[in-house]
2 protein chains.
Amino acid sequence: MSEAIKLTDDQKRLIERLGVYHEKSGMSPASGRIVALLTVSPVVELSFDQIRETLNLSKSATSNAINMLMSMGKVDYITHSGDRKRYFRSKIGSWREAMKQSFQNITNVADLLEEVLENRPNDTEKFNKNLTEVISFMRFINNEIPALYKKWEEQEE
Amino acid sequence: MSEAIKLTDDQKRLIERLGVYHEKSGMSPASGRIVALLTVSPVVELSFDQIRETLNLSKSATSNAINMLMSMGKVDYITHSGDRKRYFRSKIGSWREAMKQSFQNITNVADLLEEVLENRPNDTEKFNKNLTEVISFMRFINNEIPALYKKWEEQEE
DNA sequence: TTTTTAGTTTTTTAATTTGAGAACTAAAAA
DNA sequence: TTTTTAGTTCTCAAATTAAAAAACTAAAAA
């Protein structure tokens, strides 16, 4: 008997679009579809087989993708007593941490570009100036984040 | 006779690290190495064969990667009269446009998530609230960009 | 104790990506 | 006109990635 979740065509299309977006940002197709499903599905906690059958994935693809997503902090699961299954769900509530992560990336690039800059000759002035500017802007953005969060929280009230 | 540019070991390592970073953000290895070379190399304008031989790439890999990078707006070239070669260089000066591009992506995701939100049931309150928050924060960040640029430009003077 | 459940791991296959090599082309030079 | 230069394009092989199928495992249920 099928465990698949019933979805409207619109929901299926949204899962594909969101899935493709996640693929573009480095996830495997299966992982991308799973986070997308867990974002779009009206039922927010889905079992292994519900995910597997809704997306027509094999057990291995499902297992590997779920574990990948858990290690990325994109997904976690809860259990219900008297039920051995795990119910997986999106960690959308951790969006602040996810954002922090992506801002951390900016800092890492800035650090790398700083090393490049230190290695560059002094002639190539214009080039060095541009490089200095990107680095400076990246660091500036990063410094402004806390203030931005604060401002956002305030306007949110 | 070899056209390869002489690089120190440090420069070679920086090219690899920067290349890997570009790979992670979706470029092919060859494209990643080429932008990286054009960022690290003390000579900022390099001919096709200088790139090819410095990075030990085939002609096809070099040609395809360069054209990819030009279509992405990451690289362009200049010519010198009496010299048929094209001299390729990093478009690092266009970093503002590149940044704008990546902020545009945030907006696109926000739009997509907005569509998801409109499709969600009204129960799943907490989930919807989180989704609403991410979207709101993304849009907020996007709105703040011009002011951030302005502030950065001012502190830069 | 045996069976079932809920996954995990291993093996194999299919698809995609990447880039080498060689043939090709258009313009310039000889 | 022939040759050379500066790439481009095509064909194919190697490497990588993705996922299916099937064997396996640990815990719970019967």
Side-chain angles (χ1 to χ4, degrees), chain A residues 1-5 15-16 19-38 45-72 74-89, chain B residues 1-5 15-16 19-20 22-38 45-72 75-89:
Chain A
M1 188 207 99
S2 166
E3 297 266 300
I5 287 288
I15 290 170
E16 285 311 308
V20 166
Y21 162 73
H22 288 301
E23 267 185 75
K24 281 190 197 158
S25 47
M27 281 181 193
S28 73
S31 302
R33 295 303 176 286
I34 294 178
V35 230
L37 170 62
L38 294 176
E45 296 164 4
L46 298 178
S47 71
F48 188 94
D49 280 321
Q50 286 177 319
I51 293 171
R52 203 179 88 61
E53 294 183 23
T54 306
L55 296 176
N56 299 302
L57 291 171
S58 67
K59 284 178 121 194
S60 62
T62 308
S63 174
N64 290 323
I66 286 175
N67 288 322
M68 159 61 54
L69 290 170
M70 289 202 294
S71 78
M72 291 174 71
K74 293 280 175 196
V75 157
D76 68 356
Y77 65 84
I78 46 162
T79 50
H80 299 295
S81 70
D83 185 347
R84 266 211 272 165
K85 293 193 190 81
R86 279 132 101 172
Y87 290 87
F88 300 96
R89 58 184 183 183
Chain B
M1 189 206 97
S2 167
E3 296 267 302
I5 287 289
I15 290 170
E16 285 313 307
V20 166
H22 287 302
E23 266 185 76
K24 281 190 196 154
S25 47
M27 280 182 195
S28 72
S31 302
R33 294 305 174 288
I34 293 177
V35 227
L37 169 62
L38 293 176
E45 297 164 4
L46 297 180
S47 71
F48 188 94
D49 281 320
Q50 285 177 318
I51 293 171
R52 203 179 88 61
E53 294 183 23
T54 306
L55 296 175
N56 298 304
L57 291 170
S58 68
K59 283 178 122 195
S60 61
T62 308
S63 173
N64 290 323
I66 285 175
N67 289 322
M68 158 62 54
L69 291 170
M70 289 202 295
S71 80
M72 291 174 73
V75 157
D76 68 356
Y77 65 84
I78 46 160
T79 49
H80 299 295
S81 72
D83 185 348
R84 264 210 273 167
K85 292 192 191 83
R86 280 131 101 170
Y87 289 87
F88 299 95
R89 57 182 185 185

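Protein chains get the first letters and strands the later ones, always in sequence-line order, with residue 1 at the start of each.
- The shortest non-hydrogen separation linking B:Phe88 to B:Tyr77 is CD2-CB, 3.6 Å.
- Put simply, CG on A:Leu69 is 13 Å from P on D:dA18, counting in whole angstrom units.
- For residues 57-72 of chain A, there are no salt bridge (charged side-chain N to carboxylate O under 4.0 Å, His left out) pairs, not counting sequence neighbours.
- The side-chain hydrogen bond (donor to acceptor under 3.5 Å, both in side chains) search around A:Ser28 returns A:Ser31, not counting sequence neighbours.
- Qualifying side chain to side chain contact (heavy atoms under 4.5 Å, CB included) partners for A:Asp49, counting only residues two or more places apart in sequence or in other chains: A:Glu3, A:Ser47, A:Arg52, A:Glu53.
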Would you mind building the protein contact string for nucleotides 1-8 of chain C? One character per nucleotide, 5' to 3', B for base within reach (heavy atoms under 4.0 Å), S for sugar-phosphate only, - for untouched. ---BBSBB
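- For the pair B:Leu55 CG and C:dG19 C1', the computed distance is 13 Å after rounding to whole Å.
- Between B:Ile34 and B:Ala65, the closest heavy-atom pair is CD1-CB, 3.7 Å.
- Shown here are the ring-ring contact (aromatic ring centres under 6.0 Å, His included) partners of B:Tyr87, two or more places apart in sequence or in another chain: B:His80.
- Partners of A:Ser60 by side-chain hydrogen bond (donor to acceptor under 3.5 Å, both in side chains), not counting sequence neighbours, listed by chain and number: A:Ser58.
- A:Leu37 and A:Thr54 make their closest contact through CD1-CG2, 4.1 Å (heavy atoms, listed as atom of the first residue, atom of the second, distance).
- In DNA chain C, the stems built from three or more successive Watson-Crick or G-U pairs (distances below 3.5 Å) are C:1-30 with D:1-30.
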In B/S/- notation, 5' to 3', how is nucleotides 11-17 of chain C contacted by protein heavy atoms closer than 4.0 Å? -------
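- Judged as a side chain to side chain contact (heavy atoms under 4.5 Å, CB included), and not counting sequence neighbours, the contacts of B:Glu23 are B:Val20, B:Pro29, B:Arg33.
- For the pair B:Arg52 CZ and D:dT8 P, the computed distance is 13 Å after rounding to whole Å.
- The distance between atom CG of B:Asn56 and atom P of C:dA20, rounded to the nearest whole Å, is 9 Å.
- Applying the side-chain hydrogen bond (donor to acceptor under 3.5 Å, both in side chains) test to B:Arg86 and every residue at least two apart in sequence or in another chain returns nothing.
- Residues passing the salt bridge (Lys or Arg N to Asp or Glu O under 4.0 Å) test with B:Arg89, sequence neighbours excluded: B:Asp76.
- Ranked by how close their nearest DNA chain D nucleotide is to the 5' end, A:Gly82 and A:Ser58 are led by A:Ser58.
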